[in-house]
Amino acid sequence: MTIVLFGFILFFITVLQAFTPKFLKPTEAFGVYVPDSHVKDPVVMKLKSKYTTFVLTFGLIVLISYLWWGTTQKPTEETLALAGVSVQFTTLFVSIGYYFMMHLRVKKRKETQRWLSGKSEVRVVDVKFQEKLKLIPRVIFIIPMIVTVGLIIYTFMKYDQMPEMIPTHWGPTGEADAFSKKTYFSVIALPLILLVMQVLFLSVSEGMKFSGARINPTNKKSSLAQQLAFRKYTSLLALFITIGITLMMGYFHLQTIHPEISSPIIMWTLPLSFLVLTFAVVGIYALKVGQSGSRLKAERNSVTIENKIAIDDDQYWKGGLFYMNKNDPSIMVEKRFGVGWTLNFAHPISWIVLLVPLILIVGISIVL
């Protein structure tokens with residue numbers, strides 16, 4: 001069953017990466033800002049099609065090769081898992097490398113064709129934008145945290161009844177294959193990691209309140225509606241993942257306290273079900289919402305104004321992927337390639353947001 005799991009993940013990664021250009025705003029192509037008057041540029045459209053075809057073809061070839069090797073050579077479960085992770089990273093690296101080729105070509109096309117010539121750059125600001133936001137209330141995200149804290153308290157109450165060796169890792173078959181000696185820290189390590197992840201998803205939802213909205217000056221009404229909807233659905237997605245990991249990791253932890261509820265079948269199917277469901281929801285999110293809500297239908301209230309365009313901030317996007325603008329107070333910004341959010345890496349707080357959860361999770365794992 002390991003080959004099915006990793007094959008499914010590879011297939012999802014391939015499809016999502018290949019069709020990413022379809023999910024983006026028309027005014028962004030491979031990390032480059034494109035004025036409304038050039039969104040249908042034939043060269044850019046061709047580059048998007050070439051990227052999709054190349055990444056999809058490469059990914060499917062890798063997937064078929066992995067499945068053929070796994071079914072004919074009969075490797076061990078551990079070897080299958082290691083190979084599965086390797087081919088996933090290979091597919092990601094190749095797609096990113098091809099992305100950079102497309103990025104440079106679009107950037108050169110923009111410069112040689114002088115897309116910004118004769119245009120006036122304007123920044124549209126809605127002073128009531130935060131008031132219009134309809135994000136999931138903070139208290140809803142706090143409820144799973146309270147559950148986790150309660151789980152930690154319950155664990156201490158049951159400490160004497162717990163086994164001397166605490167499972168810390170489960171293999172592909174759902175059987176525990178790594179253990180740690182029982183201590184007051186090791187018995188709550190999993191809930192602590194869960195708590196860090198819950199805080200992280202709460203931060204994503206709350207962070208959108210303080211992220212500047214990039215409103216298209218050629219159609220302010222529809223752009224504003226898409227921005228608001230995009231943030232609302234992103235907040236919903238963060239809540240869905242929070243609830244999912246809370247249920248899954250909560251069960252993992254409870255079965256160490258009550259071994260009678262443990263089952264290898266459940267231990268294998270639970271994370272698989274969570275993974276499949278999460279991928280399905282993310283796929284729907286990308287397909288129906290798109291980056292910045294670009295795939296959502298919104299009423300247009302004005303025609304395109306040829307000499308008015310949004311501020312061109314390409315200079316702050318390194319490779320079209322990494323945003324670095326020390327003059328922008330936003331910690332989180334919308335991605336230019338991909339669906340979701342990234343950080344303003346010129347802001348010190350962004351590094352704290354990125355590194356602190358990572359250090360905590362890795363540190364807890366190392367101590368075990």
Side-chain angles (χ1 to χ4, degrees), residues 2-34 38-71 80-110 230 234 237 275-295 314 317-323 333-342:
T2 300
I3 192 172
V4 175
L5 173 62
F6 284 95
F8 174 77
I9 296 175
L10 178 57
F11 176 76
F12 180 83
I13 291 174
T14 297
V15 172
L16 188 62
Q17 285 292 111
F19 289 98
T20 290
K22 309 293 184 182
F23 305 141
L24 304 180
K25 293 190 293 187
T27 53
E28 291 175 358
F30 298 105
V32 178
Y33 169 61
V34 180
H38 294 277
V39 295
K40 297 295 184 181
D41 184 275
V43 173
V44 174
M45 300 298 287
K46 185 177 180 180
L47 291 177
K48 289 181 178 180
S49 296
K50 285 182 64 177
Y51 175 87
T52 297
T53 301
F54 174 82
V55 174
L56 190 61
T57 301
F58 179 83
L60 291 178
I61 290 174
V62 172
L63 174 61
I64 293 171
S65 301
Y66 173 70
L67 295 176
W68 176 84
W69 169 78
T71 54
L80 270 174
L82 180 61
V85 173
S86 299
V87 296
Q88 289 167 21
F89 275 104
T90 299
T91 302
L92 283 173
F93 288 145
V94 170
S95 65
I96 291 173
Y98 198 66
Y99 155 83
F100 278 116
M101 292 175 56
M102 299 295 103
H103 169 77
L104 293 175
R105 292 181 184 181
V106 174
K107 189 175 182 180
K108 182 178 180 180
R109 175 76 173 175
K110 180 178 179 178
F230 174 61
T234 302
L237 178 62
L275 187 66
V276 172
L277 189 57
T278 300
F279 281 173
V281 171
V282 170
I284 294 172
Y285 170 78
L287 185 63
K288 295 296 184 180
V289 179
Q291 180 61 355
S292 301
S294 58
R295 298 182 67 85
D314 282 0
W317 285 93
K318 310 307 177 184
L321 295 178
F322 305 101
Y323 184 69
V333 293
E334 299 168 26
K335 288 182 178 180
R336 276 206 168 181
F337 191 78
V339 179
W341 299 78
T342 186

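Treat the numbers as computed from the prediction; the structure is a model and nothing was measured.
Judged as a ring-ring contact (aromatic ring centres under 6.0 Å, His included), and not counting sequence neighbours, the contacts of F12 are F279. Every ring-ring contact (aromatic ring centres under 6.0 Å, His included) that F54 has, sequence neighbours left out, goes to Y98. Residues meeting the side-chain hydrogen bond (donor to acceptor under 3.5 Å, both in side chains) test with R109, sequence neighbours left out: D41. Annotation: side-chain hydrogen bond (donor to acceptor under 3.5 Å, both in side chains) contacts of H38 (sequence neighbours excluded): W115. For T90, the side-chain contact (heavy atoms from CB on, under 4.5 Å) criterion is met by F58, V94, not counting sequence neighbours. Judged as a side-chain contact (heavy atoms from CB on, under 4.5 Å), and not counting sequence neighbours, the contacts of L67 are I3, L63. Partners of F230 by ring-ring contact (aromatic ring centres under 6.0 Å, His included), not counting sequence neighbours, listed by chain and number: W341. Residues meeting the side-chain hydrogen bond (donor to acceptor under 3.5 Å, both in side chains) test with Y323, sequence neighbours left out: N325, D328. Every side-chain hydrogen bond (donor to acceptor under 3.5 Å, both in side chains) that S95 has, sequence neighbours left out, goes to Q17. Every residue meeting the side-chain contact (heavy atoms from CB on, under 4.5 Å) condition with S294, not counting sequence neighbours, appears here in chain and number order: K25, P26.
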Please table the atom pairs, donor to acceptor, closer than 3.5 Å between any side-chain atom in residues 42-49 and protein atoms at least two apart or in another chain.
| from | atom 1 | to | atom 2 | distance (Å) |
| --- | --- | --- | --- | --- |
| S49 | OG | M45 | O | 3.3 |

Side chains of residues 282-291: which donor-acceptor pairs under 3.5 Å do they make with residues two or more places apart or in other chains?
| from | atom 1 | to | atom 2 | distance (Å) |
| --- | --- | --- | --- | --- |
| Y285 | OH | T234 | OG1 | 2.6 |
| Q291 | OE1 | G340 | N | 2.8 |
| Q291 | NE2 | K335 | O | 2.8 |
| Q291 | NE2 | G340 | O | 3.0 |

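The closest side-chain heavy-atom distance from W69 to V87 is not below 4.5 Å. V339 has its side chain out of reach of T20: every pair of non-hydrogen atoms, C-beta onward, lies at least 4.5 Å apart. With contacts defined as side-chain heavy-atom distances shorter than 4.5 Å, the pair E334/E28 does not qualify. Contact check for D314 versus K110: side-chain heavy atoms found under the 4.5 Å cut-off.
A donor-acceptor pair is defined here as one N or O able to donate and one able to accept, closer than 3.5 Å; such a pair exists between the side chain of R295 and the backbone of K22.
For the atom pair I9 CD1 and L5 CG, the distance stands at 4.5 Å (nearest 0.5 Å). With rounding to the nearest 0.5 Å, the separation of CZ in F11 from OG1 in T91 is 12.5 Å.
Of the residues Y51, F100, F322, the one that meets the ring pair (Phe, Tyr, Trp, His ring centres under 6.0 Å) test with F337 is Y51.
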- Start with the C-alpha gap between F19 and L56, add the side-chain angles, then the distance that decides, and say whether side-chain contact (heavy atoms from CB on, under 4.5 Å) holds. CA-CA 8 Å; F19 289 98; L56 190 61; 4.2 Å; yes
- Item | side-chain contact (heavy atoms from CB on, under 4.5 Å) assessment of R105 paired with K50 | CA-CA 12 Å; R105 292 181 184 181; K50 285 182 64 177; 3.4 Å; yes
- Item | Audit row: L80, F6, side-chain contact (heavy atoms from CB on, under 4.5 Å) steps and yes/no | CA-CA 8 Å; L80 270 174; F6 284 95; 6.0 Å; no
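For the pair R336 and L24, the tightest heavy-atom approach, listed with the atom from each and the gap, is O-CD1, 3.6 Å. Between V55 and T14, the shortest heavy-atom contact is O-CG2, 3.8 Å.
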